[in-house]
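Take a look at the structure set out below.
Keep in mind that what you see is a predicted model, and the values were worked out from it rather than measured.
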Amino acid sequence: MKYQEFINLLEQLIAIPSFSKEESRTADTIEAFFKEKGIEVNRHLNNVWVKNKLFDASKPTILLNSHHDTVKPNQGYTKDPFKAIIEGGKLYGLGSNDAGGALVSLVSAFLVYYDKPITYNLIFSATAEEEISGKNGIEALLPLLGKIDFAIVGEPTQMHLAIAEKGLMVLDCVARGKSGHAAREEGVNAIYQAMPDIDWFTKYSFPKVSKLLGHVKMSVTGVHSGGQHNIVPDTCEFVVDVRVNECYTNGEVLEIINQHVKCEVKARSRRLQPSFISEEHPIVKSGKSLGLKVYGSPTLSDRALMPFLSLKAGPGDSARSHIADEFIYLKEIEDGIDLYIHMLNKLLIA
């Protein structure tokens with residue numbers, strides 16, 4: 001396997017700013033890469049996808065997915081974030097680790113099986129807006145892909161197998177009272193009305209605990225009430241960050257919350273669902289046979305928007321995502337390419 005071609009592709013992508021919602025030029029680059037190989041390319045918005053040459057609708061389909069958008073570079077960069085720099089076996093640049101290394105590694109694996117007779121269909125997709133869980137990324141693309149049986153989502157996991165991933169809900173809560181003058185016995189203080197509910201959010205423990213992801217975690221992350229020292233406030237607003245384990249759906253958690261609190265609770269979205277794939281699934285068993293470990297991931301990815309089984313795995317380390325002077329080891333990309341190919345080989349080659 002020639003790795004350099006895919007490292008070169010990653011270097012090209014690093015050189016192009018591709019912040020969420022601004023990924024058109026990296027989409028152009030990925031599209032051109034496949035066209036140069038004579039592969040029919042599809043595009044919707046800034047999402048690019050290709051199918052294996054012998055695609056057969058009667059076969060099950062595996063989706064290989066990663067994203068080509070990035071966050072904006074933080075102020076701590078000492079290197080040019082848009083210049084691919086190789087030093088000491090490391091490839092530096094914004095998006096190198098999250099998730100460029102995984103993206104180009106999946107491209108390589110797709111090409112290995114592109115024109116071979118295989119037992120599954122393969123679709124590779126490079127998608128937009130992952131970093132903001134936007135609606136013009138994987139969510140917009142999925143209706144165009146047809147039935148997907150399962151997906152491999154390329155994210156930096158040190159190639160270990162994230163078989164579970166927490167979902168996310170952000171709740172806007174409002175406790176209501178009645179305004180009055182603070183100097184007199186007037187009004188109903190909304191802050192005091194909110195306090196028992198805030199206390200409940202800090203102490204309640206959901207009964208179903210995941211072996212992989214632990215408890216459902218709720219954190220009150222913002223409180224706002226009042227504006228003048230001498231007026232009893234009639235509303236108290238607070239925000240709750242809820243990380244949902246795979247034992248529940250977001251809707252089930254929201255229902256339990258509403259049974260216990262008096263304040264008004266509104267979820268900004270229920271889209272970002274928790275996910276799980278069994279250790280007995282063939283792709284997980286294939287990865288484990290190569291010495292890869294299974295674990296539960298607390299961080300979100302595009303699999304939160306996939307209504308089918310999915311596995312998160314890829315080269316790089318999540319701890320390096322969004323840091324200054326982001327990098328990935330070249331050896332991680334090489335190993336990632338090999339491991340993706342070997343994982344798929346056990347399923348694709350009859």
Side-chain angles (χ1 to χ4, degrees), residues 1-16 18 26-27 29-42 47-55 61-68 84 86 89-91 93 95-127 130 150-161 283 286-287 290 292 301-302 310-317 327-349:
M1 171 58 62
K2 294 180 179 179
Y3 306 115
Q4 192 59 49
E5 178 181 14
F6 305 102
I7 292 169
N8 291 345
L9 174 59
L10 179 52
E11 289 175 325
Q12 291 178 56
L13 296 174
I14 288 169
I16 304 169
S18 56
T26 45
T29 299
I30 295 165
E31 192 173 3
F33 177 87
F34 285 111
K35 285 182 176 178
E36 287 172 6
K37 295 185 175 298
I39 296 174
E40 181 180 349
V41 188
N42 305 281
N47 306 295
V48 178
W49 77 101
V50 288
K51 298 181 177 182
N52 64 297
K53 188 174 184 178
L54 303 176
F55 190 95
T61 298
I62 302 171
L63 174 64
L64 308 178
N65 168 258
S66 192
H67 65 95
H68 59 102
I86 296 177
K90 300 175 182 178
L91 174 57
S96 57
N97 178 77
D98 184 16
L103 186 144
V104 300
S105 297
L106 284 172
V107 169
S108 176
F110 171 83
L111 291 175
V112 166
Y113 298 107
Y114 167 69
D115 58 0
K116 290 182 171 58
I118 49 179
T119 54
Y120 285 79
N121 297 312
L122 284 181
I123 298 176
F124 167 80
S125 64
T127 48
E130 190 274 346
F150 73 90
I152 298 175
V153 177
E155 289 283 343
T157 70
Q158 298 180 305
M159 281 307 295
H160 293 304
L161 313 173
I283 192 63
S286 178
L290 297 168
L292 304 177
S301 70
D302 269 342
S310 58
L311 171 70
K312 182 167 71 177
D317 188 338
F327 70 89
I328 188 168
Y329 289 98
L330 296 175
K331 184 67 163 56
E332 288 177 320
I333 297 173
E334 295 169 2
D335 290 345
I337 289 171
D338 291 341
L339 285 166
Y340 279 144
I341 291 169
H342 291 314
M343 284 172 64
L344 289 167
N345 185 68
K346 294 177 181 291
L347 278 69
L348 300 179
I349 305 301

*Test item: P156 and D317 side chains (from C-beta on) under 4.5 Å apart, heavy atoms*: no
*Compare all side-chain heavy atoms of K346 with those of I283 and state whether any distance is below 4.5 angstrom.*
no
*Could you state the interatomic distance from CD1 (I349) to NZ (K116), rounded to the nearest 0.5 Å?*
7.0 Å
_Give me the atom names and distance for the closest heavy-atom approach of L106 to N65._
CD1-O, 3.5 Å
*Which residues share a side chain to side chain donor-acceptor pair (under 3.5 Å) with D115, sequence neighbours left out*: none
_Assess, by modelled atom type and distance only, whether the side chains of S125 and N47 contain a donor and an acceptor separated by less than 3.5 Å._
no
_Distance-only polar pair, side chains of N8 and Q4, donor-acceptor under 3.5 Å_ = yes
*Looking at side-chain heavy atoms only, is the closest gap between L111 and I39 below 4.5 Å?*
yes
*Any L63 side-chain heavy atom under 4.5 Å of I152 side chain*: no
*Partners of F124 by ring pair (Phe, Tyr, Trp, His ring centres under 6.0 Å), sequence neighbours excluded?*
F34
*Looking only at heavy atoms, what is the nearest atom pair of A109 and L344, with distance?*
CB-CD1, 4.2 Å
*List the steps and the verdict of side-chain contact (heavy atoms from CB on, under 4.5 Å) for D98 and E155.*
CA-CA 7 Å; D98 184 16; E155 289 283 343; 3.2 Å; yes
*asked:* Is the shortest side-chain heavy-atom distance between L64 and Y113 below 4.5 Å?
replied: no
*asked:* Side chains of T61 and K51, heavy atoms from C-beta outward: is any pair under 4.5 Å?
replied: no
*Measure the CH2-CZ distance between W49 and F110 for me, rounded to the nearest 0.5 Å.*
13.0 Å
*Can you list the steps and then say if D335 with Y3 is a side-chain hydrogen bond (donor to acceptor under 3.5 Å, both in side chains)?*
CA-CA 10 Å; D335 290 345; Y3 306 115; over 6 Å; no
*asked:* Quick one: does any side-chain atom of Y340 pair with a main-chain N or O of M159 as donor and acceptor, under 3.5 Å?
replied: no
*asked:* Nearest 0.5 angstrom please: L348 CG to N121 CG, how far?
replied: 10.0 Å
*Would you say T29's side chain and L13's backbone share a donor-acceptor pair under 3.5 angstrom?*
no
*Say you draw a straight line from OG1 of T127 to NE2 of H68; how long is it, rounded to the nearest 0.5 Å?*
6.5 Å
*Just how far is it from atom CD1 of I14 to atom CG of L10, taken to the nearest 0.5 Å?*
4.0 Å
_Nearest heavy atoms of M343 and L161, plus distance in Å_ = CE-CD2, 4.0 Å
_L122 backbone acceptor or donor facing N52 side chain under 3.5 Å_ = yes
*Flag yes if more than 12 heavy atoms outside K37 fall under 6.0 Å of its NZ atom; otherwise flag no.*
yes
*Using modelled atom types only, decide if a donor and an acceptor are shared between the side chain of S96 and the backbone of A84 within a distance under 3.5 Å.*
no
*Nearest heavy-atom pair of E40 and V50: which atoms, and what distance?*
O-CG1, 3.5 Å
_Ring geometry between F327 and Y329 (parallel below 30°, tilted from 30 to 60°, perpendicular above 60°)_ = perpendicular
*To the nearest 0.5 Å, how far apart are CG in L339 and CD in E334?*
12.0 Å
*Would you name the heavy atoms of E130 and S301 that are closest together and state the gap between them?*
OE2-CA, 3.3 Å
*Which pair of non-hydrogen atoms, one from A126 and one from I30, has the smallest distance, and what is that distance?*
CB-CD1, 3.7 Å
*Below 4.5 Å, heavy atoms only, C-beta onward: do F6 and I333 meet side chain to side chain?*
no
